[in-house]
Amino acid sequence: MKWILSVFLALILLGCAQPSEKVEERIKIGVLVPETGIYSTAGVAMKNAAQLAAEHAGNVELVFADCGDTPEKAKMAFEYLVSQKVDAVVGAYSSPQSIVAADAAGESRVVYLVSVASTEAVEKKVADGNNYVFRVAYNTTYWGVLAGEFLKLANPEKYYFVGYDPLRTFNQGMLNSIKSIYGDPEMEFYYKSPSVSAEDYKKVARQLAEIAGDRDVIVIGDPGEIAINFLKEYRANGGMGLVYSVGGSLALPSTLKAINAEYTVFQAAALELTDKTNWTKRYFEDYRKKYGEDANNYAGLLTYDSIIILSQAYKKGGKDKLIETLLSGEFEGAAGIYRFNDLHQALWGSDELKGVIGEFIGGEVKVLYPPEFATSHVQWMK
Amino acid sequence: MISVLLTAIFFSFFASAVLLNYKIGRLLNLSFASIFTLGAYLYFFNPTAAALLALISGCAVGAVVSTATRKLSIAEASIVSLGFAIAIEEFLRILYRTSYFLVMESSYVEIIGEAVSVHEITNGAVLALLFLIFTAIHLSRRELKFVEDDWELAEMYGVDTSRIRLLTISISSGFICLSGAILAPTQSVFPSMGWSSTVTAVIIASIAASAGNAGVKKYLLTLPVAIAYTAILRWLF
């Protein structure tokens with residue numbers, strides 16, 4: 001009897017000695033990444049950044065789905081993520097993709113953070129009652145606000161606007177915003193996709209090289225690869241004006257170095273030199289360590305911030321109160337401190353969340369805006 | 001106008017390759033899109049040996065496409081060639097995963113007040129020369145015209161159609177790959193970059209073929225069609 005009691009006591013003690021298993025609460029986030037199609041280059045940055053965000057956040061489980069480059073594929077990818085029982089979704093690239101993803105979010109009642117697209121339709125969805133959509137990215141107006149800020153800084157004699165025809169809606173929204181801040185451009189151009197006319201961007205570049213002076217600014221509204229070719233052609237034909245790009249392909253230091261793109265100004269959500277929050281340096285340093293590339297891809301950075309925001313919201317309010325927490329809270333990301341307005345749009349332009357304008361000079365990037373992070377002033381080609 | 005002419009020579013050559021593959025290889029060879037891209041990647045990895053590597057790789061891929069589609073109908077063979085295009089594109093995407101467009105510097109020279117890339121000029125010169133050689137071969141070798149006109153009859157008369165098909169698809173793929181390598185510094189290099197050129201080449205090939213389908217004429221017609229197509233679009237937009 002005594003030995004039975006001893007064994008019983010020993011078992012109880014063993015049981016007490018076992019470490020208590022504390023299950024850490026994790027949020028399951030679906031990420032819509034364009035792994036195939038015309039946006040796949042940006043897709044690489046988005047996937048890398050998402051994986052890094054999950055590592056940094058510590059309480060995130062990721063599920064990826066390829067959203068390709070069409071709205072149909074984005075919808076199927078969203079439905080796949082819902083079938084995987086994700087708590088929230090981030091990503092997709094183009095505006096049409098984000099619109100269908102927003103609809104799918106409303107139908108499936110899953111919170112969706114738009115991390116790249118700028119279309120005003122997203123805010124309209126919220127105004128029409130779709131409470132599940134939030135946008136971490138700039139809206140079209142803010143793209144124009146940033147370009148307007150640069151024009152105010154540079155104070156050029158004239159400015160010219162060059163858009164990309166397939167992105168005409170985005171470009172015109174952006175230009176309207178610039179006009180309200182700085183006035184009308186001297187001229188506006190929209191070059192066609194090379195599959196429509198292979199020579200069109202060259203024609204526009206040559207025309208501008210002839211008419212734009214060395215104290216003029218060319219605002220390029222194309223974030224894609226044609227902008228690189230346009231810039232090469234413009235400079236090769238003697239174009240001396242300052243080129244301001246909405247970023248994308250022309251915000252990447254290795255690209256700017258490869259084509260020797262001196263006097264190119266670009267916007268970014270954050271740069272390594274703009275130490276906005278505790279996440280900024282961590283993001284840029286760890287991204288370079290992990291992937292061996294510079295991290296200032298707009299789509300990548302905002303995908304990172306979207307996941308960090310969801311992680312914080314989940315910690316604050318849990319999965320059932322994501323919407324309320326997102327609407328009432330403040331969230332730190334690599335680009336600044338995010339708050340959302342009534343239309344679920346991140347408050348870009350507020351003191352804690354401003355886009356950045358950099359200039360590529362002397363083989364390195366210098367910050368022109370916001371003033372608190374400026375390391376240089378606007379420099380013109382001599 | 002120099003730039004228009006060089007672009008037109010490129011599209012004319014590309015369209016001729018599409019037509020030649022259709023008439024002799026009996027397939028709409030969509031693998032050209034990724035074979036062109038493959039050439040551009042080869043330039044990025046090794047600019048010095050890119051031309052040679054591109055010729056060899058292009059011919060090798062062409063030979064595989066030719067063998068894989070040998071016994072298929074035109075529709076089936078075209079679908080298989082599309083499969084090859086997608087496979088090469090995915091291979092390149094996996095091989096070189098980057099969030100950047102690959103760009104290389106290209107030098108420019110001024111011709112009649114127009115800055116033109118040295119690589120575009122080289123590509124134009126090489127393709128124009130190849131086009132002339134091809135025209136000479138086509139005019140001197142009757143079996144090519146024979147196979148184009150009636151494949152089955154040519155076989156009955158003892159022409160080795162399989163060999164001609166293999167050579168046609170392989171060599172044209174090699175030259176498309178070479179063109180991708182030469183033009184790489186004038187473009188942003190990414191896995192799906194070859195599609196826009198392929199679409200334009202197919203359009204030009206269709207117009208040229210409908211304008212005249214006899215012998216070497218359809219290939220020669222691709223040049224004026226390409227010049228008109230490029231110039232009109234440039235003027236329109």
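Chain A is the first sequence line, chain B the second, and so forth, proteins listed ahead of strands; every chain is numbered from 1. If you're wondering where the values come from, they're calculated on a predicted model, not measured in any experiment. Hydrogens, waters and symmetry mates play no part in the numbers below; they use all other heavy atoms, side chains included.
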- request: Would you mind checking which part of B:E90 comes under 4.5 Å of any heavy atom in chain A, side chain (CB onward), backbone (N, CA, C, O), both or neither?
  value: side chain

- prompt: Looking only at heavy atoms, which two atoms of A:G37 and B:S192 are closest? And how far apart?
  reply: O-OG, 4.2 Å

query: Taking all non-hydrogen atoms of both residues, which atom of B:Y229 and which atom of A:V196 are closest, and how far apart?
result: OH-O, 4.3 Å

For [X], look at atom [atom1] and say whether over 12 heavy atoms of other residues, nucleotides or ligands are found less than 6.0 Å away.
| X | atom1 | answer |
| --- | --- | --- |
| A:K281 | NZ | no |
| B:Y108 | OH | yes |
| B:F91 | CZ | no |
| B:I133 | CD1 | yes |
| A:M76 | CE | no |
| A:E285 | CD | yes |

field: Region of A:N237 that comes under 4.5 Å of a non-hydrogen atom in chain B
entry: both

Part of A:D165 lying under 4.5 Å from any heavy atom of chain B: neither

- line: Filtered by a 4.5 Å non-hydrogen cutoff, the part of residues 249-265 of chain A contacting chain B is A:S249, A:L252, A:P253, A:S254, A:T255, A:A258, A:I259, A:N260

message: Within the structure provided, determine whether A:R206 and B:S3 are in side-chain contact (heavy-atom separation under 4.5 Å).
response: yes

Which of B:V116, B:V199, B:T186 touches chain A most, by non-hydrogen pairs under 4.5 Å: B:T186

- request: Name the member of A:P194, A:A209, A:G43, A:A236 that forms the most heavy-atom pairs with chain B at distances under 4.5 Å.
  value: A:A236

Straight-line distance of A:K232 NZ to B:S117 OG, nearest 0.5 Å: 7.5 Å

Reported OG1-to-CZ distance for the pair A:T36 and B:R93, which is rounded to 0.5 angstrom: 6.0 Å

